[in-house]
Amino acid sequence: MSGAARVLILGGTTEAFALAAVLCERPNTRVLSSLAGRVAHPRLPAGNVRIGGFGGVEGLADMLQSECIDAVIDATHPFADRITRNAHAACRRAAVPLLRVSRAPWAHVAGDTWHDASDIEDAARIAASLGERIFVTTGRQSVAAFAPFDRRFIIRTIDPPAQPLPANHLLLLQRGPFTLDGEIRLMREHAIDVLVTKNSGGDATYAKIAAARELRIPVVMVQRPQCADIESVDSVEAAAAWAQGLS
Ligand code: NAP
């Protein structure tokens with residue numbers, strides 16, 4: 001490849017943000033980050049940024065060609081599986097190299113009581129069978145799954161959910177990172193007896209897992225969707241090294 005490499009980062013995560021900052025420092029790389037537009041006031045990464053869906057596989061494949069993209073790094077959230085599958089298909093169609101960067105999942109440690117759930121509906125059923133006061137931290141797009149259950153729900157999201165909420169709920173609009181002390185205080189204050197979370201991995205929201213361990217609260221852990229067969233790394237450093245080989 002001659003000239004600067006044009007890299008599209010599919011973002012919306014701390015990893016994508018950090019990767020854009022690293023790649024923008026390189027004179028031989030041009031970075032375009034893409035955000036879905038779900039969050040009202042997103043942190044904008046370094047370099048050029050576009051916001052909003054592409055219009056499925058076809059829209060993304062067309063954009064890769066029209067913007068002369070040399071490589072795509074899918075740094076979206078581990079649970080954002082539609083965009084990951086679309087990126088896989090679009091990159092194949094446009095013959096553009098693709099790398100997935102996805103933080104490692106959290107691992108169970110001594111003292112944790114985890115109940116694995118295959119998806120959010122499964123998680124809601126398990127949580128309702130375990131307790132009465134349920135702390136839901138699975139994101140604004142997941143809240144409807146809890147609506148059928150007659151329990152007390154403490155629901156924490158960044159932006160207000162658009163979906164129907166359970167009748168008996170308290171909505172907390174908060175963005176991480178969260179501290180261990182703060183999470184323990186919150187769980188005690190609301191007498192939480194079950195925590196529901198996706199296995200997102202990373203440091204920014206791990207404090208709730210440690211707090212649940214300390215308070216001996218069971219955790220319903222939604223497992224990650226199975227990823228397509230894509231070359232993957234689990235760190236920003238490894239993704240940056242991959243991109244170094246492009247130019
Ligand atoms: P998703 O279900 O995998 O994607 C749904 C659609 O949203 C995609 O088909 C695509 O629309 C658009 N989209 C998603 N990510 C995009 C991006 N980075 N740039 C442009 N379009 C994007 O995604 P999701 O679970 O709704 O997540 C949306 C965004 O929020 C992701 O970027 C993700 O990194 C971030 N996020 C997700 C979670 C989570 O738990 N799912 C948590 C934190 C952050 P078109 O088909 O029109 O192209």
Side-chain angles (χ1 to χ4, degrees), residues 7-20 31-45 47-67 69 71-91 93-94 96 98-103 105-106 117-121 123 136-146 155-159 161-163 173-178 196-206 208 220-228 230 232 234 236 239:
V7 178
L8 173 67
I9 300 175
L10 301 173
T13 59
T14 49
E15 288 77 10
F17 190 89
L19 183 61
V31 176
L32 173 61
S33 289
S34 177
L35 305 177
R38 298 280 189 281
V39 176
H41 302 288
R43 281 200 311 157
L44 294 180
N48 293 319
V49 180
R50 65 166 300 286
I51 299 180
F54 299 99
V57 174
E58 202 170 317
L60 179 51
D62 288 350
M63 184 268 191
L64 296 178
Q65 275 168 348
S66 64
E67 293 290 324
I69 298 296
V72 176
I73 301 180
D74 173 10
T76 57
H77 192 271
F79 281 84
D81 64 329
R82 178 134 47 106
I83 187 68
T84 292
R85 282 186 272 116
N86 287 358
H88 186 229
C91 286
R93 194 179 289 188
V96 169
L98 169 67
L99 181 76
R100 173 92 172 114
V101 53
S102 184
R103 61 185 92 142
W106 294 317
S118 53
D119 57 27
I120 199 70
E121 286 75 22
V136 176
T137 63
T138 42
R140 62 195 283 269
Q141 296 181 83
S142 69
V143 294
F146 298 88
I155 297 172
R156 182 167 69 193
T157 58
I158 297 176
D159 288 318
Q163 300 176 355
L173 297 180
Q174 296 171 350
R175 186 198 293 264
F178 302 101
V196 188
T197 178
K198 295 173 177 170
N199 194 339
S200 299
D203 297 334
T205 58
Y206 185 74
K208 63 189 170 187
V220 180
M221 186 65 74
V222 184
Q223 301 302 297
R224 292 182 173 195
Q226 291 302 313
C227 196
I230 301 172
S232 296
D234 67 5
V236 169

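Numbering of ligands and ligand atoms starts at 1, following listing order. Numbers here are sequence positions counted from 1.
The minimum heavy-atom distance linking A239 with L99 is given by the pair CA-CD2, 3.7 Å. Closest of all the heavy-atom pairs between V220 and A117 is CG1-CB, 4.0 Å.
Of the options L8, V222, I83, the smallest heavy-atom separation from atom 3 (O) of ligand 1 is shown by I83.
At least one heavy atom of D81 sits closer than 4.0 Å to an atom of ligand 1. Ligand 1 lies within reach of G55, whose nearest heavy atom is under 4.0 Å from it. Assignment of G59 to the shell around ligand 1 is not supported, since no heavy atom sits closer than 4.0 Å. Taking a 4.0 Å cut-off on heavy atoms, S200 fails to register as neighbouring ligand 1.
In terms of protein heavy atoms, atom 22 (C) of ligand 1 is closest to A36 CB, 3.6 Å. Atom 11 (O) of ligand 1 has as its closest protein heavy atom G53 CA, 3.7 Å. Protein heavy atom in closest approach to atom 18 (N) of ligand 1: S34 O, 3.0 Å. In this structure, the protein non-hydrogen atom closest to atom 1 (P) of ligand 1 is R82 CB, 3.8 Å. In terms of protein heavy atoms, atom 31 (C) of ligand 1 is closest to G11 O, 3.9 Å. For atom 48 (O) of ligand 1, the closest heavy atom belonging to the protein is F54 N, 2.7 Å.
With ligand atoms numbered from 1 in the order given, ligand 1 contributes 20 (C), 21 (N) to contacts under 4.0 Å with heavy atoms of G52. Residue T76 approaches ligand 1 through these ligand atoms, each under 4.0 Å from one of its heavy atoms: 18 (N), 32 (O), 34 (O). Per-residue contacts place K198 under 4.0 angstrom from the following atoms of ligand 1 (heavy atoms of the residue considered): 39 (C), 40 (O), 41 (N). When each atom of ligand 1 is checked for a heavy atom of G12 under 4.0 Å away, the hits are 34 (O), 35 (C), 44 (C). Every atom of ligand 1 with a heavy atom of N86 under 4.0 Å away is listed here by number and element: 9 (O), 46 (O). Atoms of ligand 1 lying under 4.0 Å from at least one heavy atom of R50, given by number and element, are 20 (C). For ligand 1, the atoms sitting less than 4.0 Å from at least one non-hydrogen atom of G56 are 45 (P), 46 (O), 47 (O), 48 (O), numbered in the order shown with element in parentheses.
Among the atoms of Q141, some N or O lies under 3.5 angstrom from an N or O of ligand 1. Looking at ligand 1, you'll find an N or O of A80 within less than 3.5 Å of one of its N or O atoms. At under 3.5 Å, a nitrogen or oxygen of R38, whether backbone or side chain, sits near a nitrogen or oxygen of ligand 1. Checking only distances, H77 does come within under 3.5 Å of ligand 1, N or O to N or O.
Between the side chains of R50 and S34, at least one donor-acceptor pair of N or O atoms lies under 3.5 Å. No side-chain donor-acceptor contact under 3.5 Å links T14 and R43.
Using a 4.5 Å heavy-atom threshold, the side chains of M63 and L32 count as touching. The shortest side-chain heavy-atom distance between T197 and N199 does not fall under the 4.5 Å cut-off. Residues V101 and I73 have side chains in contact (heavy-atom distance under 4.5 Å, counting atoms from C-beta outward). C91 places a side-chain heavy atom less than 4.5 Å from the side chain of L64. Residues F146 and V196 meet the side-chain proximity criterion, which asks for heavy atoms closer than 4.5 Å. V7 is not listed as a side-chain neighbour of V72, based on a closest heavy-atom distance of 4.5 Å or more.
Screening T157, T205, I158 against R175 for a side chain to side chain contact (heavy atoms under 4.5 Å, CB included) leaves a single residue, I158.
To the nearest 0.5 Å, atoms CD (E15) and CG (D234) are separated by 9.5 Å. Here the CG-OG1 distance, from D119 to T138, works out to 11.5 Å after rounding to the nearest 0.5 Å.
By the criterion of a heavy-atom distance under 4.0 Å, neither the backbone nor the side chain of V39 is placed next to ligand 1.
At most 12 non-hydrogen atoms from other residues, nucleotides or ligands lie less than 6.0 angstrom from CD of E58.
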